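A quick note: this is a predicted structure, and the numbers were derived from the prediction, not measured.
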There are 2 protein chains.
Amino acid sequence: MADRSTSKAGTPASAAALPVAGAHLSPRAREIVAAARTLLEESGPTALTMRTLADHLGIKAPSLYKHFPDKQAVEVELIAQMLEECAEVLEATEARASGGLPALAEAYRAYALAHPHLYCLATERPLPRASLPPGLEDRAALPLLRACGGDGDLARSIWAFAHGMVILEIHGRFPGDADLAAAWKRGLTALHS
Amino acid sequence: MADRSTSKAGTPASAAALPVAGAHLSPRAREIVAAARTLLEESGPTALTMRTLADHLGIKAPSLYKHFPDKQAVEVELIAQMLEECAEVLEATEARASGGLPALAEAYRAYALAHPHLYCLATERPLPRASLPPGLEDRAALPLLRACGGDGDLARSIWAFAHGMVILEIHGRFPGDADLAAAWKRGLTALHS
DNA sequence: CGATTAAGGCTAACACCGTTAGCCACGACT
DNA sequence: AGTCGTGGCTAACGGTGTTAGCCTTAATCG
């Protein structure tokens, strides 16, 4: 990591500026993370076990420790993937014609609901900031901050609203007959400057 | 709920209308729940183990199963306690002179931050509604709904905002230099009709 | 009073969890 | 030809929720 200049050969500058998640991992480690992700997304967090993860890769659980120091290290990679994909989705929304705050919120909600287990994994615990690619957390937050004209307090209150709506919906906390689209619209128009 | 009239003998009507959490439990079971609560609140969810819980009661883990079918049943009682206390706090705030929406929000935040582990336990999973005292969930939601003049969409958007603020703060997701009081005020004044 | 029964403890054990220690086969490089 | 890193393996440890089965005590009843 001391010298990034080696990556400038053969790689477009734009891609070099955006560190791809898991770039520091060996190919085999990336396979493990990929298997962990499908396991998590398809079968939920209780299925994400070192033994079942190894099974899906055709190896035994202890062999995983040749690639990762512990289970949390695998989870950190999944969290990094979520943050990066979230950032990409928001940046793409921002770049589109309809890139206002409602579009950002809709994109955020759609991504979270499309990957509920991953969203919860990345969200329902303190962020392991030390183990995360530097700048990734900020990058995921920037589109909303820009949409708020740089007003951090406003951005945080909108983020809290969006996260609250998404996480309560994922956990089925709203009554079955609740009109969530109406609640979203209500909150966003109120918070929208 | 077919016949509540049996409870009218010997119990004040006001208390009979408010089912106290764990009333259906034996005294020993209530002791277990109490020990589980102090364990959870003082040492976090990872310390809430059937073995350490039994240790704190001076018995062995399998003996707990004479009182509860499984660990989840103990957790359900803790969740019910949280919902009931939350309802009590909000109702008391409502009854005070300063019982407006900002006061409700502040009371909600204060309760959650005073019992972060309990709040997470009761919040970060689907509600076991079938195992909960009937009406308790609604009771906890009513003060906010009343403050919103019966507007369910508005109440849900405010609840999502408050839960998002609280849960993100508990998990240390906001930057250390963020002015959370400002974010709260910003969100509440915007959502406040 | 003696017998029965329920309550509530116990030990032993099972399957599963994350994780460690130590061994071994293979392939690449010197 | 030899060395060494890579990446697999088995065996095992301590901890988890949980079950089966036994035993003691206290209350209840014929």
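Looking at B:Arg30 and B:Glu77, no side-chain N of the basic residue comes within less than 4.0 Å of a carboxylate O on the acidic one, giving no salt bridge. Taking the charged nitrogens against the carboxylate oxygens, A:Glu41 and A:Arg37 do have a contact shorter than 4.0 Å, which makes a salt bridge.
Using a 30° and 60° split on the angle between ring planes, B:Tyr119 and B:His163 fall in the tilted class, from 30° to 60°.
When the P atom of D:dG15 is taken as reference, atom CG of B:Asp55 falls 11 Å away, rounded to whole Å. Rounded to whole angstrom, the span from the CE atom of B:Met50 across to the C1' atom of D:dG15 amounts to 15 Å. We find that OH of B:Tyr65 is positioned 19 Å from P of C:dA13, with the value rounded to whole Å.
Residue B:Ser63 places none of its side-chain N or O atoms closer than 4.0 Å to OP1 or OP2 of C:dG8. Taking side-chain N and O atoms only, A:His67 has a distance below 4.0 Å to OP1 or OP2 of D:dG8.
Shown for residues 25-47 of chain A: no residue has heavy atoms falling under 4.0 angstrom of DNA chain C.
For B:Arg51 against D:dG17, a side-chain-to-base donor-acceptor contact under 3.5 Å is present. Contact of A:Lys60 with D:dG8 (side chain to base): no donor-acceptor pair of N or O atoms is detected under 3.5 Å.
The residue among B:Asp70 and B:Lys66 whose nearest nucleotide of DNA chain D lies closer to the 5′ end is B:Asp70. Heavy-atom distances to DNA chain C give each of A:Pro62 and B:Ala61 a nearest nucleotide, and the one nearer the 5′ end belongs to B:Ala61.
Taking the six-membered ring for Trp, A:Trp159 and B:Phe174 have ring centres closer than 6.0 Å.
Backbone-only engagement by B:Thr49 is indicated by non-hydrogen atom pairs under 4.0 Å involving sugar-phosphate atoms exclusively. Counting non-hydrogen atoms under 4.0 angstrom, B:Lys71 reaches the backbone sugars and phosphates but no base.
Between the side chains of B:Gln81 and B:His115, no donor-acceptor pair is found at a separation under 3.5 Å. A donor-acceptor contact closer than 3.5 angstrom is absent between the side chains of A:His171 and B:Glu124.
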